[in-house]
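So the structure is just underneath, and the comments pick up after that.
Order of listing sets the numbers, starting from 1, for every ligand and every atom in it. Atoms considered below: every heavy atom in the structure, side chains included; atoms not considered: hydrogens, waters and symmetry mates. On a predicted model such as this, the values are computed, not experimentally measured, just so you know.
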Amino acid sequence: MMRQYELVERVKRYNPSADEALLNRAYVYAMMAHGNQKRASGDLFFGHPLEVAAILTELKLDDATIAAAVLHDTVEDTEATLDEINKTFGPQIGALVDGLTKIKRLDLVSKRAAQGENFRKLLLAIADDVRVLLVKLADRLHNMRTLQFMTPEKRKRIAEETLEIYAPLAGRMGIQEMREELEDLSFQNLDPEAYEAINRHLHELTLKSEKLVEEIEQDLTAKLKAQGIEASVSGRQKRPYSIWRKMERKSVSFEQLSDIFGFRIIVDTVDECYRTLGVVHTSWPMVPGRYKDYISTPKQNDYRSIHTTVIGPGSQRVELQIRTLEMDEVAEYGIAAHALYKEGINGNSRLANESRAYQWLRRTIDLLAEGDNPEEFLEHTKLELFHDQVFCFTPKGRLIALPRGATPIDFAYAVHTDVGNTAVGCKINGRMSPLLTELQNGDEVEIIRAEGQTPPAAWESLVVTGKARASIRRATRAAVRRQYTGLGHQILERAFERANRPFSDEKLKGALPRLARASMEDVLAAVGRGEMFSGDVVRAVYPDYKDERRAGADGQSAKPNGAAKDGSGDHASGGIPIRGLNPDMPIRFSPEGGAVPGDRIVGILTPGEGVTIYPIQSPSLAAYDNEPDRWIDVRWDLETHDPQRFPARIKLQSINEPGSLAQIAQVIADHDGNIDNVAMKRRTQDFTDVTIDLTVWDLKHLNAIIAELRAKRVVSRVDRVTG
Ligand code: MN
């Protein structure tokens, strides 16, 4: 195990002004915290964080990162608390350890390594600081190096996850060496035999052609320079995992693989690509059939490059890729980089943002490693990557990406429309939670469903995803239709009962032609909506029936038809400008308070009565929480109507003195409010409760009146009552 002074020495080697005291404190603290904990290998656990720190010293990272690496498992695995870390090491290191603890908890949730890209974004979204990601990568690297002590199942899972998530992340962050080691270690664990075979071959080859790579690199650079081409030439012997992938992809044996040595030549322009090709082909004999020009004919995925293979020094086949920097970025980072280059033209900002996010990460890491004053630099560079998104898991480990602010309702609809439509509750991280909770990164969300449910229309304005909104609208529309048919059925039953005639579906079916409707459901819905009189339906079924009470004495008739239509033909809604309902549907405001434009409103359907409009904050609505079928989505429909007044109720406490009520009335009158009713109740010696029903133009108007009343000396408090 690394000694305390060794750790300090390692850091001092690249950073002579390192904070020795800090490193020593972290060392001792973590050592005490982990105590006698052992790893699967039987070694002391404390060795692990030290190795992680050592890996990071190779990247020449700052003191805070090294200290955080030493401390990275303390909060999750020992008695240590974040509070204590904050107190002992300051908020900066505290924040780093906190980030690492959060990511570590994710490991427990991520049961499936699928959806790697989303998981990487989740890591980026959680890590506020690039150093958190670096420690996490080093942590994973050390765990991979010591994987042999785990059970076979665990090895497989961790290796797959590494290949899927962490190796590409290291690559995206520009730490290619770490990416390759992670890939090779994963490969070694997933297919030990193949790994050994390839490794053996590679080893033999290395012995034969030790200096080859260097030779070719220098040779090529010099030859290109002589032609006036500034090129960056990088060559290397390939790694076991990338050889394996190629063998799999092309189904060839190791001996058939020509490109164990690969060189990449990056130049400035397309023209230079072809001139470079000329230089290469005149320097070494080319292997026939291996030349491919993906610049003139790009691959489907927009990959562009020239490929050729030549017989280089020592008769070793050497593969070369010649391309510009732009082509290289597209090849390395895919479509996102491509979008970035095209951004000026078609502005695909989301992909460009992703690409820029990774580019920015790479630059940050470069700056970190240069290490002039990383603390000061990092202080002002919070990672705000993918902060407009939030990533949550299903109980089975599927990762769902949602816009920030999303609720479990959005989550449910993202999983499946049926899940959303039947959602009645949810558990977040195992705890019952309201469906309107704002989701956080890494939350595991379990939706509780009840078949036959309809989403409350009020959800529509509370969700943030378009999919949820559209689905809720569709489901409520269907539900509203069901409500109308149900309501129509009740109305007809009563109408037939009143007429003393038997009512049956069969009989109604026979009368469909006379009613000029296509289906029973149409008739029921039309009656429910008030588009068709129940009396007309009775007469259609029983043509001989005469309704003696038709002239208007029918106080008992079902209101949707009766109250509104019989005799007068006026709408029961009294012209209440509400959208979302058929104009013939009887509408009223909650008698206990009303609603005014500007209020967010919802309708509650009462079969046989119609729809009552409530402001969304109305306490009465709680009574309908378990009856989502009765909630109807309504909106104000003001453009189409002349200005009109709306009912509202306010409650005041006024001081008992002569003239106080007159003053109150005066304020309302001065503000163009109409008082409909006043009720007073003496509360104490000094105060009276006054309830005033008034009509106003809209919410702004009402609020102005309330504000003015509050300013009166004789009024001690004013509240709006919303039923
Ligand atoms: Mn660890």
TODO: Just jot down the ring-ring contact (aromatic ring centres under 6.0 Å, His included) partners of F89, sequence neighbours excluded, or say none.
DONE: Y29
- [ ] Could you grab the protein N, O or S atoms closer than 2.8 Å to the Mn ion (ligand 1) for me?
- [x] H48 NE2, H72 NE2, D73 OD2, D139 OD1
Task: Ring geometry between F187 and W244 (parallel below 30°, tilted from 30 to 60°, perpendicular above 60°) - done: parallel
Task: Identified salt bridge (charged side-chain N to carboxylate O under 4.0 Å, His left out) partner of R140 from the options E164, E161, E51 - done: E161
Task: Non-neighbouring partners of E446 that pass salt bridge (Lys or Arg N to Asp or Glu O under 4.0 Å), sequence neighbours left out - done: none
Task: Donor-acceptor side-chain pairing of D43 and H48 below 3.5 angstrom - done: no
Task: Partners passing side chain to side chain donor-acceptor pair (under 3.5 Å) against R155 (at least two apart in sequence or in another chain) - done: N189
